[in-house]
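Notes follow once the structure below has been shown.
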Amino acid sequence: MEENFDPDAVIEEFEDMSINAGKVQREVLKKILEENGESEYLNRWGLDGRTDPDSFTACVPLVTHQDLAPYIQRIADGETQSILTGKPITTISLSSGTTQGKPKFVPFNDELMESTMQIYKTSFAFRNREYPIENGKALQFIYSSKQFKTKGGLAAGTATTNVYRNPQFKNTMRAMQTPCCSPDEVIFGPDFHQSLYCHLLCGLIFREEVQVVSSTFAHSIIHAFRTFEQVWEELVADIREGSLSNRITVPSIRLAVSKLLRPDPLAADAIFDKISRLNDWNGLIQELFPNTKYIYGIMTGSMEPYLKKLRHYAGQLPLASADYGSSEGWIGVNVKPKLPPELVTFAVLPNIGYFEFIPVKDDTNCPEQEIEPQPVGLTEVKVGENYEIILTNFAGLYRYRLGDLVKVTGFHNSTPELQFVCRRNLLLTINIDKNSEKDLQLAVEAAAKLLSEEKLEIIDFTSHVDTSTDPGHYVVFWEISGEVNDEILKECCNCLDRSFLDAGYVSSRKVNTIGALELRIVKGGTFHKILDHFVGLGAAVSQFKTPRCVGENNGTLLQILSNNVVKSYFSTAY
Ligand code: AMP
């Protein structure tokens, strides 16, 4: 049944909650602790029925996923007593595993589904105020991961898959007037290459109706249109003939998509004509889908490096950056969709979990022995400060370190607005040097400027600490969109080396306790192989984030990269 959806009422509800953020937080914590107080985990910490924030933080320790993993494993193995939650957990989410190296199990339940829908609706309500959409469709590059049963018979899949499978998802999309162009068989197909092709085809079939082009993370949109550049002639032929390409071999997908096709030479000519008039695919999305109001997806954090390409494909279409969350739970909503993605912040929804924040000094060179500061509550954070987020949710995570760093940029009423900074764990470190994902991103951006003068771009990048040499050194892997001469790449390599400004790195480079940075260029298509590798492991394309650092323990990935290196350069910057 289609539910009623009143954007103004959703905004009003959000405003009320954000005005009373502190009170809402106390109520949420009370509810979580009342519902789950009898669980084995909470019993262990002796709360004795207390539900106030002070008792909670005094009794229950801060934990990482590693601490909770044994409890979650017992749930996955089928133990039915209340382990983490009062009500039994019936579904497990797999985090994408691309940020941490390997997928983690996290509990998923109806409350997480509810909060996902709440975020979708709140964010849509604010977006729709700026860019009202008409009744139409969304070209959504969404994919389900493999689903399986755990040893104990619980359904397991990535969080996005659990969401797409839930009937509430479709209802909400319909209520927001943006049902997906593609039939379910495409979203849930077993082969993402075929699903991607069919998403593009369905988008073309419904091209006049498409109001929004979206994906969970912007990477999937880029990936889709890069693929479009390769297969567009085949897509146009399918539309002309009204028959589906032989590359689609999954019977359920063939059947579902064939039903939508009929020979349409006029449409084929029109699409062909539009594409022929494009210069280097500039404005492709706007041209193909003329009634699109905006492009939507997460464009912040590790997605920022794709913005340039996204803007290129988008033409004049606005980019609306999506909300902030994780498999463990949602955090905040983008209530200012007109802001360019680089400036987007997320207003925390105070009723979807209980949030704490550990202050983190901006200065990454602070001494290691410093005692970690105490976490503060949602309404106690200070503007301009950086924090690590601690999450307590309705699905059995208590004082859970999410591992993300955020900066408080302001307040929306009394709830903070957070800017995503990066994952907290250091990416690159050999001795006293400390470089984060953000530092790598900035270095790559600086060096990429030298390439853009040559009209070339970095398709994707990652890094590695090579300690097989003495001294150890940083390795940056680049896939580039074309041929570049050695001189320029040498310059890029020096620029990368110079762009890591961390004092520990600079001083170590000067005295050669860290060796010269190495830039390795990989063959075209290497990062597609990496995506395929993760998908093979059960990750969903929808949640894919290119790992920005590959550790020694990720041998397969290092192997893929090493096998595809075509050139390598050492910096002479120091
Ligand atoms: P997953 O492991 O797939 O659940 O991904 C969750 C992680 O993706 C978060 O912990 C963040 O590091 C990142 N993430 C999610 N939403 C955003 C966002 N809006 N901006 C930047 N990073 C995000």
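Nothing fancy with the numbering, it's 1 onward along the sequence. Note that ligands are numbered from 1 as they come in the structure, with each ligand's atoms numbered from 1 the same way.
At a threshold of 4.0 Å, the pair Asp67-Arg401 does not count as salt-bridged, since none of the basic side-chain nitrogens sits closer than that to a carboxylate oxygen. Residues Lys438 and Glu304 are paired through a salt bridge, judged by an N-O separation under 4.0 Å between the basic side chain and the carboxylate.
Shown in contact with Ser326 at under 4.0 Å from a heavy atom are these atoms of ligand 1, numbered in order with element: 4 (O), 6 (C), 10 (O). Atoms of ligand 1 lying under 4.0 Å from any heavy atom of Asp323, numbered from 1 in the order shown and given with element: 16 (N), 18 (C), 19 (N). Listed by number with element, the atoms of ligand 1 under 4.0 angstrom from any heavy atom of Phe346 are 19 (N). Per-residue contacts place Arg423 under 4.0 angstrom from the following atoms of ligand 1 (heavy atoms of the residue considered): 10 (O), 12 (O).
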Which pairs of donor and acceptor atoms, one on a side chain in residues 149-156, lie under 3.5 Å apart (sequence neighbours left out)?
| residue | atom | partner | partner atom | Å |
| --- | --- | --- | --- | --- |
| Thr150 | OG1 | Ala76 | O | 2.6 |
| Thr150 | OG1 | Gly152 | N | 3.4 |
| Thr150 | OG1 | Leu154 | N | 3.1 |

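If you look at Phe420 next to ligand 1, the close heavy atoms, those under 4.0 Å, all belong to the side chain. By the criterion of a heavy-atom distance under 4.0 Å, both the backbone and the side chain of Thr300 are placed next to ligand 1.
Within the structure, side chain to side chain donor-acceptor pair (under 3.5 Å) pairs that include any residue of residues 338-349 comprise Arg311-Glu342 (at least two apart or interchain).
Taking CD1 of Ile352 as the reference point, atom CG of Leu112 lies at 9.5 Å (rounded to 0.5 Å).
The closest approach between a heavy atom of Lys104 and any atom of ligand 1 is not below 4.0 Å.
Using modelled atom types, one finds a donor on one side chain and an acceptor on the other under 3.5 Å when comparing Lys293 with Gln211.
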